[in-house]
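Quick note: numbers below take in every heavy atom, side chains included, and nothing from hydrogens, waters or symmetry partners. Because the structure is a prediction, the values reported are computed rather than measured. Along the sequence shown, residues are numbered consecutively beginning with 1.
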Amino acid sequence: ISICRDLPNIEVITFSVNGISDLEPLHQCQNLSELYLRKNNITSLEELFYLKALPRLRVLWLAENPCCGPDPHRYRMTVLRNLPSLQKLDNQAVTEEELSQALVDGVEITAPPARSNVENGWSESTASSAGGRTTEPESELLSCSLEETDKTQEEFDMKHVPRDKYSSFSLQKTDCSRKKRNNVLNAILLLTKELDAEGLEIIQQTVARRLQALQKKELQED
């Protein structure tokens, strides 16, 4: 996710189910308001250190990461103590009572996580955690990807593609290519926010040519 260092104006990021373990590249995204990170490999809540400097962050979805630990209350209190501006955490609204309680039950994070024993971007603890995970059912993986894609499309006030259309297309793909397709779609939708009118026109023309080529190919195959 190092590309995020070059996207200071990005407002919504959906990185669910991506094997992410390091949030450092996000600390420069000063306009970020919504961040979706469920089902990754974030092993330590100390990664929240990089989110504390994001003044506009209001929505965070961090559930189903190793850092959540066995105690849901302590996890939620720690997140809210360090990110008191959140309005929603893990799809659940944050209350004033929780923010007050977080000052008592939460752990304050004052330093970034240690990066010792890191190889190829994966720490030993992360690799161990990932190794113990079971493979997600195809339907669950697709559901996660589609959920985040739909959320991104809502940001652009776009009409959602019917899920049955996704499914019929995805059944012809492997798990890896299906996941890659939805991640690429999310990235493209988010990056369009960084383009001016001229850039968007280029994208529009490119998409039109690509659609024509695909339609021509389908007619030839029929």
Exercise for the section: Hey, could you give me the CG/SG distance between Leu45 and Cys68, rounded to the nearest 0.5 Å? Expected result: 7.0 Å
Practice task
Of all the heavy-atom pairs spanning Leu89 and Val94, show the shortest one and how long it is.
Solution key: N-CG2, 3.9 Å
Problem - Path from Ile1 to Ile10 over hydrophobic side-chain contacts below 4.5 Å - result: yes
Completion exercise
Scanning both residues in full, the closest heavy-atom pair of Asn82 with Thr78 reads ND2-O, 2.7 Å
Exercise for the section: In sequence, state the C-alpha distance, the side-chain angles, and the governing distance for Asp90 and Arg38, and then conclude on side-chain contact (heavy atoms from CB on, under 4.5 Å). Expected result: CA-CA 8 Å; Asp90 298 336; Arg38 55 199 289 259; over 6 Å; no
Handout entry: Non-neighbouring partners of Glu46 that pass salt bridge (charged side-chain N to carboxylate O under 4.0 Å, His left out), sequence neighbours left out
Key = none
Exercise for the section: State yes or no: do Leu83 and Val107 share one hydrophobic cluster built from I, L, V, M, F, W and Y residues joined by side-chain heavy-atom distances below 4.5 Å, directly or via other members? Expected result: no
Exercise for the section: Compare all side-chain heavy atoms of Leu32 with those of Glu11 and state whether any distance is below 4.5 angstrom. Expected result: no
Handout entry: Neighbour count >12 (heavy atoms, 6.0 Å) for atom CZ, Arg58
Key = yes
Exercise for the section: Verify whether one side chain among Asn40 and Asn65 offers a donor that lies under 3.5 Å from an acceptor in the other. Expected result: no
Problem - In one Ile/Leu/Val/Met/Phe/Trp/Tyr side-chain cluster, 4.5 Å: Val104, Leu48 - result: no
Exercise for the section: Give a yes or no on whether the backbone of Met77 and the side-chain of Asp105 come within a donor-acceptor separation of less than 3.5 Å. Expected result: no
Practice task
Verify the neighbour count for atom CG of Leu214: are there more than 12 heavy atoms of other residues, nucleotides or ligands below 6.0 Å?
Solution key: yes
Practice task
Rounded to the nearest 0.5 Å, what's the gap from CD on Gln215 to NZ on Lys217? Could you check?
Solution key: 13.5 Å
Practice task
Give a yes or no answer on whether the side chain of Ser21 reaches the backbone of Asn41 with a donor-acceptor pair at less than 3.5 Å.
Solution key: no
Completion exercise
To the nearest 0.5 Å, atom CG of Leu99 lies from atom CG of Leu86 at 8.5 Å
Practice task
First locate atom SG of Cys4, then atom OH of Tyr50, and finally report the distance between them rounded to the nearest 0.5 Å.
Solution key: 14.5 Å
Handout entry: For Thr110, side chain to side chain contact (heavy atoms under 4.5 Å, CB included) partners two or more places apart
Key = Glu108
Handout entry: salt bridge (charged side-chain N to carboxylate O under 4.0 Å, His left out) partners for Arg5, two or more places apart
Key = Glu24
Completion exercise
Rounding to 0.5 Å, atoms CG (Leu103) and CD (Gln101) come to a distance of 9.0 Å
Completion exercise
In this structure, NE2 of His27 is separated from CD of Glu47 (nearest 0.5 Å) by 12.5 Å
Practice task
Kindly work out whether a path of hydrophobic side-chain contacts (I/L/V/M/F/W/Y, heavy atoms less than 4.5 Å apart) joins Leu23 to Ile3.
Solution key: yes
Completion exercise
Closest heavy-atom pair, Ser2 versus Pro25, reported as atoms and distance to 0.1 Å, is CA-CB, 4.0 Å
Handout entry: Passing candidate, side chain to side chain contact (heavy atoms under 4.5 Å, CB included) with Tyr36, options Thr14, Leu60, Val17
Key = Thr14
Problem - Partner of Leu62 by side chain to side chain contact (heavy atoms under 4.5 Å, CB included), out of Leu51, Leu35, Leu37 - result: Leu37
Problem - Test item: Asn18 side-chain N/O and Ser16 main-chain N/O as donor-acceptor pair under 3.5 Å - result: yes
